[in-house]
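Single-structure report; data block below.
All of these numbers come straight from a predicted model, not from anything done at the bench. Chain identifiers are assigned alphabetically (A, B, ...) following the order of the sequence lines, protein sequences preceding nucleic acid strands; residue numbering begins at 1 within each chain.
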2 protein chains.
Amino acid sequence: MKAIVFDVFGTLVDWRSSLIHQFNELEKDLGIELPSEVLADQWRQLYAPSMDRVRRGEIPWTVLDDLHRESLVKLLNQHGIALDEATIDRVNYFWHQLEPWSDVPHGLQRLKEHTIIATLTNGNVSLMVDVARHAKLPWDMIFCAELFEHYKPDTEVYLGACRLLRLPPEEVMLCAAHNADLRAARALGMKTAFIPRRTEYGPQQSKDLEAEEAWDFVAEDLVALSERLIE
Amino acid sequence: MKAIVFDVFGTLVDWRSSLIHQFNELEKDLGIELPSEVLADQWRQLYAPSMDRVRRGEIPWTVLDDLHRESLVKLLNQHGIALDEATIDRVNYFWHQLEPWSDVPHGLQRLKEHTIIATLTNGNVSLMVDVARHAKLPWDMIFCAELFEHYKPDTEVYLGACRLLRLPPEEVMLCAAHNADLRAARALGMKTAFIPRRTEYGPQQSKDLEAEEAWDFVAEDLVALSERLIE
């Protein structure tokens with residue numbers, strides 16, 4: 001194995017707590033009340049459907065920042081929350097400032113000493129650059145949907161990263177907290193590593209609590225994965 | 001200015017000394033004599049013409065690693081040097097292990113603390129990933145010809161990087177040791193920074209010894225540039 005590519009949202013960064021925290025800060029700044037947890041959860045619920053519209057060809061290629069903003073405007077309208085354009089931009093930028101799970105900075109650094117590490121994410125380039133700078137993720141490369149104008153789980157994203165690495169899929173491993181993402185990678189011949197993030201969706205999370213297949217590696221977190229890989 | 005993108009070959013890494021050193025190592029390993037300096041210089045002389053064939057549409061899109069290898073085979077034939085395929089691959093890989101100019105690691109790290117830093121190079125992704133890992137260049141992103149299937153100075157490369165950064169050209173600065181590269185960037189509205197590398201082509205270098213236009217910044221090296229920018 002020559003490279004590990006990582007899902008980012010949920011696998012490396014705790015988007016839910018980060019969004020809630022930033023909505024709470026916004027409440028204080030604006031002196032208004034916001035249903036922070038509900039907004040975070042409902043915003044994320046619009047994520048897959050918004051990408052599916054692109055994947056099915058219903059709308060032309062649209063980067064995630066713009067899909068996020070469309071979903072946000074819809075959500076704010078549903079809740080009758082009136083924010084000006086600059087504040088909507090500020091809220092949309094919450095996704096650029098997500099906090100990593102605690103094992104991530106050290107785990108990634110260790111893995112980088114032994115192999116190429118890169119993202120394989122639906123986030124666009126500028127979003128991922130900001131997340132990496134904020135969360136101190138030392139990427140060798142950012143591979144993302146935008147480069148291929150396809151969203152995961154379209155095969156173009158996985159195979160596109162392998163092509164740009166000039167590696168056959170068997171020499172590239174996807175690390176993700178989502179079984180479906182790993183299934184898509186395995187179907188193309190890539191190696192797979194599962195790391196559970198059992199509170200990604202909050203305390204009531206009901207899916208992706210465990211590995212659903214015999215993935216090549218299953219580890220509790222990135223540090224544990226690095227220990228398994230570096231022997 | 002929100003981001004600085006950098007030319008790599010010559011501006012950040014001393015390809016000539018690095019190639020000569022590696023040819024000299026190969027000589028010892030194989031117990032043969034090689035005209036190391038001549039090979040390095042002639043190989044680089046084939047660089048622009050090989051990309052121009054792509055730029056003019058004479059051959060389909062071809063990544064730099066493959067152009068380098070074609071040029072190398074041609075050059076070895078001209079010199080009557082017979083190497084097996086594995087050794088040719090090894091020599092082609094010399095480009096993946098280039099040494100940075102001495103100011104680069106520290107200068108880039110300082111600049112990264114204040115702005116987004118990325119490559120803007122004709123090297124392909126996997127080549128640039130290897131160079132960055134070898135020379136410890138802490139990129140936020142690798143922008144390169146391969147992502148746009150165009151070689152500099154085609155406008156698609158410069159504008160493609162700005163588009164992926166979601167920044168207007170005026171907010172992106174190209175840093176390069178080559179006046180022609182900066183001219184192409186300025187024509188598109190980008191900011192420009194010139195850093196001379198007066199021995200890039202060896203002691204007889206006759207071009208790019210000085211800034212040929214009033215670039216936005218002219219500095220002796222990356223550390224000096226970072227001092228100018230960070231006040």
Rounded to the nearest 0.5 Å, what separates atom OG in Ser126(B) from atom CZ in Arg163(A)?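 Ser126(B) atom OG to Arg163(A) atom CZ measures 11.5 Å (nearest 0.5 Å).
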Measure the CD-CZ distance between Glu113(B) and Arg133(A) for me, rounded to the nearest 0.5 Å.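 Reported to 0.5 Å precision, the distance equals 9.5 Å.
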Within 6.0 Å of CZ in Arg90(B), more than 12 heavy atoms from elsewhere: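 It does: Arg90(B) CZ has more than 12 such atoms within range.
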Inspect the surroundings of NE2 in His21(A) and state if more than 12 heavy atoms from other residues, nucleotides or ligands are less than 6.0 Å away.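 At most 12 heavy atoms, drawn from other residues, nucleotides or ligands, come within 6.0 Å of this atom.
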Is the closest basic N to carboxylate O distance between Arg166(B) and Asp130(A) below 4.0 Å?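 Salt bridge absent between Arg166(B) and Asp130(A).
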How close do Leu164(B) and Leu147(A) get, heavy atom to heavy atom, and via which atoms?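 Minimum heavy-atom separation between Leu164(B) and Leu147(A): CD1-CD2, 3.9 Å.
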Go through the atoms of Leu165(A) and report whether side chain, backbone, both or neither lie under 4.5 Å from a heavy atom of chain B.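 Backbone only.
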Measure Asn124(A) against the heavy atoms of chain B and call it side chain, backbone, both or neither at under 4.5 Å.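 It is the side chain, since no backbone atom gets that close.
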Would you please test Asp140(B) and Trp139(A) for side chain to side chain contact (heavy atoms under 4.5 Å, CB included) and show each step? CA-CA 7 Å; Asp140(B) 288 311; Trp139(A) 299 122; over 6 Å; no
